[in-house]
Q: 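Below: one structure in structure tokens.
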Amino acid sequence: MKKIFLETYGCQMNEYDSELVRSILKKENYEFVTDEFKADIVMLNTCAIREHAHRKVYGRVHNIRHARGKDSPVMIGILGCMATNLRQELFEDKSLKIDFIAGPDSYKRLPHLIHEASDEGQKSYDVTLSEFETYSDVYPSRTEGGVNAWIAVMRGCNNFCTFCVVPYTRGRERSRSPENVVDEVRRLAAEGFKQVTLLGQNVNSYHYDNYDFAYLMDEVSKVEGIERIRFTSPHPKDYPDHFLDLMAANPKICKHIHLPLQAGNNRILDMMNRGYTHEEFLSLVDKIRTKIPDVALSTDIIVGFPTETNDEFEDTIRVVTKAQFDIAFTFKYSERQGTVASKKYPDEISEAIKTERIMHLHATQKEITYQKNLAHIGKTLTVLLEPYPEAKNKDQMPGRTDGNALVILPLGPYKGGDMVKVRIIAATPHALKGLPV
Ligand code: 5AD
Ligand code: SF4
């Protein structure tokens with residue numbers, strides 16, 4: 001029985017894909033090990049979104065070859081988004097010695113690719129992107145005893161934001177049928193999972209025949225045993241009124257909306273091909289808050305997009321101040337091979353200016369987050385406790401509110417997966433402190 005060590009980089013979709021890969025290969029009698037030195041095959045499930053992804057994979061492959069020694073027969077396979085992007089380069093670079101490559105839509109071919117590479121000594125690859133593959137017939141091999149299970153309901157993206165590599169590495173949008181998703185959620189509930197997070201590169205543009213994302217969320221919420229439903233990652237264009245009304249009315253759907261702003265200036269938003277102005281974005285924020293008053297909002301923001309001036313960056317600060325997000329994930333623009341931005345706009349803003357802008361943005365958001373956290377003091381909130389062994393500090397229990405804020409509880413007669421009512425007694429910019437009531 002061959003042993004595999006699988007390492008995953010990047011987003012939740014990649015974590016989920018690794019669960020699919022584990023399931024596919026376990027069926028073929030491969031064993032997964034946690035010690036890379038015991039593995040016959042090392043696979044890296046790579047990401048092309050994060051910064052320096054390129055360099056990281058190269059460094060890691062060299063590091064594995066070096067650690068195992070030059071005569072070691074260990075095979076190395078590259079999976080995920082970098083596979084699609086760098087196929088040519090990865091194979092041509094002889095010093096890397098990569099045995100096989102599989103793109104995000106080719107995991108069912110992995111047994112074949114591994115066989116070709118090991119028994120026939122060929123370099124084998126498949127990075128074809130599919131318009132249909134949703135892996136709806138593969139049940140992921142998840143870590144047991146979890147509280148939250150991820151479940152991909154759609155894959156790919158049709159939006160082509162000019163900075164983003166996803167449409168190239170993961171291809172066009174396609175969705176699983178609602179029945180298929182609900183079947184999987186029922187199985188997850190039976191296994192003891194309390195929360196499901198529906199996943200997709202553009203999750204709220206889910207559609208299957210005439211069924212949309214609101215329909216899917218409503219169906220999933222009817223599954224007994226599942227207490228909470230979350231979703232990520234969405235686009236602001238896909239929040240129709242009936243979906244917001246469902247969110248407001250359905251107690252199982254967490255009152256948390258991720259709303260990636262990316263930039264606050266209309267010229268930059270247009271260059272990014274985001275499809276909205278900052279006025280439209282802010283009126284969506286108002287509408288969401290009117291319909292779902294206690295909603296938590298999070299966002300993604302890029303600073304230093306090509307040609308962004310200081311004044312235009314200040315527009316981002318203005319929108320952030322007006323929108324009052326609970327949390328913001330911030331990124332310095334970095335060019336991605338193959339994107340429209342990489343072809344049309346040179347990455348001309350200096351690193352120093354990007355750093356200055358991201359620090360300014362951080363400071364602005366940190367204060368907003370802190371004020372939001374302070375405003376929770378005195379409230380009674382329901383917290384879903386996370387699996388205990390994952391906690392870093394052994395005398396505390398971490399949990400999440402409906403709005404996804406982290407709450408720290410003292411140890412008590414409760415365990416991961418329990419829903420506990422707590423009174424918030426203190427706040428920092430990063431977390432809340434609570435006592436059970
Ligand atoms: N440069 C910087 N940030 C990026 N993101 C995506 N592509 C890039 C890029 N080329 C950010 C966006 C997206 C998040 C997942 O990553 O903000 O929403
Ligand atoms: Fe990338 Fe835009 Fe699609 Fe999100 S919506 S995956 S940022 S192209």
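Numbering starts at 1 and runs along the sequence shown. Just so you know, ligand 1 is whichever comes first in the structure, and atom 1 is the first atom listed for that ligand.
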Q: Output yes when Asp402 and Lys255 qualify as a salt bridge under the 4.0 Å nitrogen-oxygen rule, no when they do not.
A: no
Q: Polar-atom distance check: Phe163 versus ligand 1, any N or O pair below 3.5 Å?
A: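 For ligand 1, there is an N or O atom that lies under 3.5 Å from one belonging to Phe163.
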Q: Any Lys/Arg nitrogen of Asp99 or Arg65 sitting under 4.0 Å from an Asp/Glu carboxylate oxygen of the other?
A: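 Arg65 and Asp99: salt-bridged.
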Q: Students should be able to answer this: which protein heavy-atom is nearest to atom 15 (C) of ligand 1, and at what distance?
A: Asp300 OD2, 3.8 Å
Q: Any salt bridge between Lys344 and Glu335, counting N to O under 4.0 Å?
A: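 Not counted as a salt bridge, because no side-chain N and carboxylate O are separated by less than 4.0 Å.
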Q: Considering non-hydrogen atoms of the protein only, which is the closest contact for atom 5 (S) of ligand 2, and what is the distance?
A: Asn159 ND2, 3.2 Å
Q: Short list, please: which atoms of ligand 2 are under 4.0 Å from a heavy atom of Cys164?
A: 1 (Fe), 6 (S), 7 (S), 8 (S)
Q: Could you tell me the residue and atom name of the protein heavy atom closest to atom 4 (Fe) of ligand 2, and the distance to it rounded to 0.1 Å?
A: Gln201 O, 4.2 Å
Q: Strictly under 4.0 Å, does any heavy atom of Arg170 approach an atom of ligand 2?
A: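 No heavy atom of Arg170 comes that close to ligand 2.
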Q: For atom 5 (N) of ligand 1, what is the nearest protein heavy atom, given as residue, atom name and distance?
A: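 Its nearest protein heavy-atom neighbour is Ile302 CD1, 4.0 Å.
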Q: Suppose I only count heavy atoms of Pro167 and a 4.0 Å limit; which atoms of ligand 2 are within that range?
A: 8 (S)
Q: Give the atom numbers and elements of ligand 1 that come within less than 4.0 Å of a heavy atom of Arg336.
A: 10 (N)
Q: Can you pull out the closest protein heavy atom to atom 2 (C) of ligand 1? Residue, atom name and distance to 0.1 Å, please.
A: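 Answer, as residue, atom name and distance: Lys332 O, 3.3 Å.
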Q: Quick one, Asp218 with Lys252, criterion salt bridge (charged side-chain N to carboxylate O under 4.0 Å, His left out). Give me CA distance, side-chain angles, the key distance, then yes/no.
A: CA-CA 9 Å; Asp218 198 27; Lys252 283 195 187 175; over 6 Å; no
Q: Between Tyr135 and Tyr107, what is the ring plane arrangement, given parallel below 30°, perpendicular above 60°, and tilted in between?
A: parallel
Q: Could you tell me, atom by atom, which parts of ligand 2 come under 4.0 Å of a heavy atom of Phe163?
A: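 Selected atoms, number and element: 7 (S).
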Q: Would you call the rings of His256 and His258 parallel, tilted or perpendicular, taking 30° and 60° as the class edges?
A: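 The arrangement is perpendicular - the two ring planes meet at more than 60°.
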Q: Which of the atoms in ligand 2, numbered in the order shown and given with their element, are less than 4.0 Å from a heavy-atom of Phe160?
A: 8 (S)
Q: Kindly assign one of parallel, tilted or perpendicular to the pair Tyr168 and Phe160, based on the angle between their ring planes and the thresholds 30° and 60°.
A: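 Perpendicular: the ring planes of Tyr168 and Phe160 meet at over 60°.
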Q: Using a strict cut-off of less than 4.0 Å between a Lys/Arg side-chain nitrogen and an Asp/Glu carboxylate oxygen, indicate whether Asp286 and Arg289 qualify as a salt bridge.
A: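 Result for this pair is no, no salt bridge flagged.
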Q: Counting from 1, what ligand 2 atoms have a heavy atom of Arg274 closer than 4.0 Å?
A: 2 (Fe), 7 (S)
Q: What's the shortest distance from atom 12 (C) of ligand 1 to any protein heavy atom, and which residue and atom give it?
A: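 I find the closest protein heavy atom is Gln262 OE1, 3.5 Å.
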Q: Between Ser334 and ligand 1, is there a nitrogen or oxygen pair with a distance under 3.5 Å?
A: yes
Q: Which atoms of ligand 2 have any heavy atom of His235 under 4.0 Å away?
A: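 Reading through ligand 2 atom by atom, the close ones are 5 (S).
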Q: Salt bridge check: are Arg174 and Asp105 linked by an N-O gap of less than 4.0 Å?
A: yes
Q: Under 2.8 Å from atom 2 (Fe) of ligand 2 - does any N, O or S atom of Cys161 fall there?
A: yes
Q: Would you check if the distance from the ring center of His360 to the ring center of Phe313 is below 6.0 Å?
A: yes
Q: How far is atom 11 (C) of ligand 1 from the closest protein heavy atom, and which atom is that?
A: Phe331 CD1, 3.7 Å
Q: Please report which non-hydrogen protein atom sits nearest to atom 3 (Fe) of ligand 2, along with the residue it belongs to and the distance in Å to one decimal place.
A: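 Checking every protein heavy atom, the shortest distance to atom 3 (Fe) of ligand 2 gives Cys157 SG, 2.2 Å.
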Q: Does Lys354 NZ have over 12 foreign heavy atoms under 6.0 Å away?
A: yes
